Amino acid sequence: MEKDPIVRLRRVTKRFDDVVAVDSLDLDIYQGEFLTLLGPSGCGKTTVLRLIAGFESPDKGDIVMNGTSLIGTAPNKRNVNTVFQSYALFPHMSIFDNIAFGLKMKRFEKSVITEKVTEALSIVKLGGLEMRKPHQLSGGQQQRVAMARAIVNKPQVLLLDEPLSALDYRLRQEMELELKRIHRKLGITFVFVTHDQEEAISMSDRIAVMNEGRIEQIGTPSQIYEEPQNMFVAKFVGEINVFEGRIVEIHNGSAVVDIHGRHFKVQNRKDFANGRAVKVLLRPEDIMVTKDEELQGTAPALAGKIEEVIYKGKTVDLIISLDAGETVFVTQFFNEDQEDVVYRHGHRIHINWPYGWEVVL
Amino acid sequence: MEKKSGFRNVAVGSTLCWITLFVVIPYLIVVAYSFLTPDPSGTVSWIFTLDSYREIFSPVFLIVCKNSFALALSTTVLTLLAAYPFAFFLTRISESIRRTLILIMIIPFWTSSLIRTYALIILLKANGIVNTFLLSLGWIDEPLNLLYTQLAVFTGLVYTLLPFMILPLYASLQKLDTRLIEAARDLGATSPRIFFHIILPLTLPGIIAGSTMVFLPALGLFYIPDLLGGARSMLIGNFIKDQFLVAGNWPLGSSASVILTLLMFLLIAWYFLSSRKINQGDMREVI
Ligand SMILES: Nc1ncnc2c1ncn2[C@@H]1O[C@H](COP(=O)(O)OP(=O)(O)OP(=O)(O)O)[C@@H](O)[C@H]1O
Ligand SMILES: [Mg+2]
């Protein structure tokens, strides 16, 4: 992905009265990628999309597409289309006319329009419903029409603002796969907005985690999940356990952290100095649980007891209260070889983790 | 539950009584009169005849009808053209300014429209405000003949009926989802095309409602043509009034009323049918 970006936001700021919706934001969007803007409500995701689409203009900064600035270019002149959260289908037009709208505006010939609309309908798997009105379709079907209406114009960039949020859980999962398929098939750049981290992780090539009008971290889903750069990203993207500690030894690339008097060896990617207070972050699935009677002496571990066992089918979630006082959330996968490992409320256990699976901030 | 339906019965019942007493019965009397014979004493004699209806389809009345329809139609078109931009503007401004503007528009209703029509006379007469103003500016050398013209009647109707066009238009423009406009723009539509493809079709119910509310009164308002048009403009409303109050031919006035009511009923029926279709989204079948 070292090509030139197709869209480039440079120090873009957008204010609404006294709210800074987008705050000096830099973002490069590359040809053909599936980029997700992920963040809590009100962090400015929609505003970023509207800035790219042209419905808002930045107070400061520049938005460049294909090397030329978009400032002052009207939305109808941008090679960008939007799939709106509410779909915004035209209620007085048939499905066919809805999808054909963009092509009609560009004054394509009738036969070309029919051909393109038919193709778009088949891409979203909606053939045969051309003559219906939007209100005669289900939510999922309306969603597909909204997709078709945008992609039929073959935009360079497709902007999707929480397109799945109005759908129920199962339909959403189905549409996630559909969106991925359509993205692969068309090769159009997708900029997708969601506040659902699972959706973001399962669909994106890259995720930009946003907070208060800024991008906290941008990277692949696994980078975002496994190597969060700061506490906001760590906490927003999935469950995470946080241990307060202090660095007590420095080695080449690694360090020793003291947590509740135990010494754990960790990677020292950020080159923290000796004596520094740090946070050690661990995903629930990265923590190992050992029953006291199986403990083989030497490995450092934190002692505690099981408070709650939540059976989830494929996994079992444990809520553990450490003797030092913290509550830890752990996810264990069932291991076919260890069927006798049964956790019960009140069991005394120890926890630790494999070297390098932690994040130190 | 019991109490509620009791209240509903009272509410519906009293409304029905009211309508029966003051709308249905008088109207039935009008219908009955239209089939009776005029009496020189000024009322009717109880002899059944179709004479009034025969008389009504005479060329004189048809011309009155034609003039009335032409005037009502042009009033409707002009109010529509004037009201649409204003209603659109109302939806685009801040809440407080909007409330003020709507209030200013409604305040004149607190005065009888008859009095407001007299006020128009003061504006339009030979030594009235408009003429005095234009003379003082030196734009004209002698007073314009404004009062007692077709134009004066037209002005009076448009002035009186404009709010009835603005309010339904405002309501339907207010309901218009601005995201649809953004979606259209996103798909490459220019402003004129957004207007004709999205805004106009989606506000058609408001246009039809407003047009009905202007067109029907424009047919029947008799005092505006009377006061502003003088003797020259004979419209359906004046015709009916004259039959009762001047010519003393009650059956003819009644039959003209019946015809007018039938026409209005047809228009309202068309309005309901078309707005039902629009609500179902079948815009194309409306016209
Ligand atoms: N038109 C506007 N007028 C005033 N403030 C606005 C406007 N649009 C957005 N804002 C403010 O800007 C901030 C960012 O809004 P934005 O809609 O971009 O958030 P978001 O990340 O899309 O949130 P959500 O997940 O709830 O959709 C919010 O504080 C919001 O209140
Ligand atoms: Mg949003």
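In what follows, chains are A, B, ... by sequence order, proteins preceding strands, each numbered from 1. Everything numeric in this text was worked out from a predicted model, so none of it was measured.
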Side chain, backbone, both or neither: which part of A/Asn153 has an atom under 4.5 Å from a heavy atom of chain B? side chain
Check the surroundings of atom CZ in B/Phe196: do more than 12 heavy atoms from other residues, nucleotides or ligands lie under 6.0 Å from it? no
With a 4.5 Å heavy-atom cut-off, do A/Met93 and B/Ile198 have their side chains touching? yes
Heavy-atom contact with chain A under 4.5 Å, split by part of B/Arg179: both
Does A/Glu212 CD have over 12 foreign heavy atoms under 6.0 Å away? no
Taking every non-hydrogen atom, the tightest pair across B/Glu182 and A/Phe55: O-CZ, 3.3 Å
Which atoms of A/Arg132 approach chain B - backbone, side chain, both or neither, heavy atom under 4.5 Å: neither
A/Arg149 portion near chain B, given a 4.5 angstrom heavy-atom threshold: both
Least distance between heavy atoms, B/Leu202 atom then A/Pro91 atom: CD2-CG, 3.7 Å
Side chain / backbone / both / neither for A/Val83 at chain B, heavy atoms under 4.5 Å: neither
So with a 6.0 Å cut-off around NZ of A/Lys106, is the heavy-atom count from everything else above 12? yes
To check you understand the geometry: which heavy-atom pair defines the closest contact between B/Leu180 and A/Phe90, and what is its length? O-CE2, 3.4 Å
For the residue pair B/His197 and A/Phe101, what are the closest heavy atoms and their distance? CB-CE1, 3.8 Å
Flag yes if more than 12 heavy atoms outside B/Glu95 fall under 6.0 Å of its CD atom; otherwise flag no. yes
Counting only heavy atoms from other residues, nucleotides and ligands, does the tally under 6.0 Å from CZ of B/Phe265 exceed 12? no
What part of B/Asp186 gets within 4.5 angstrom of chain A, counting heavy atoms only: side chain, backbone, both, or neither? both
Could you report the tightest heavy-atom contact between B/Leu187 and A/Met105, atom names first, then the distance? O-CB, 3.9 Å
Check this for me: B/Tyr27, atom OH, are more than 12 non-hydrogen atoms of other residues, nucleotides or ligands nearer than 6.0 Å? yes
Against chain B, label A/Lys104 side chain, backbone, both or neither, depending on which of its atoms sit under 4.5 Å from a heavy atom there. backbone
Under 4.5 Å from any heavy atom of chain B, what part of A/Leu159 do you find: side chain, backbone, both or neither? neither
Options A/Gly102, A/Ala74, A/Gly54, ranked by heavy-atom pairs under 4.5 Å with chain B, top entry: A/Gly102
When rounded to the nearest 0.5 angstrom, what distance separates CZ in B/Arg193 from CG in A/Asn76? 10.5 Å
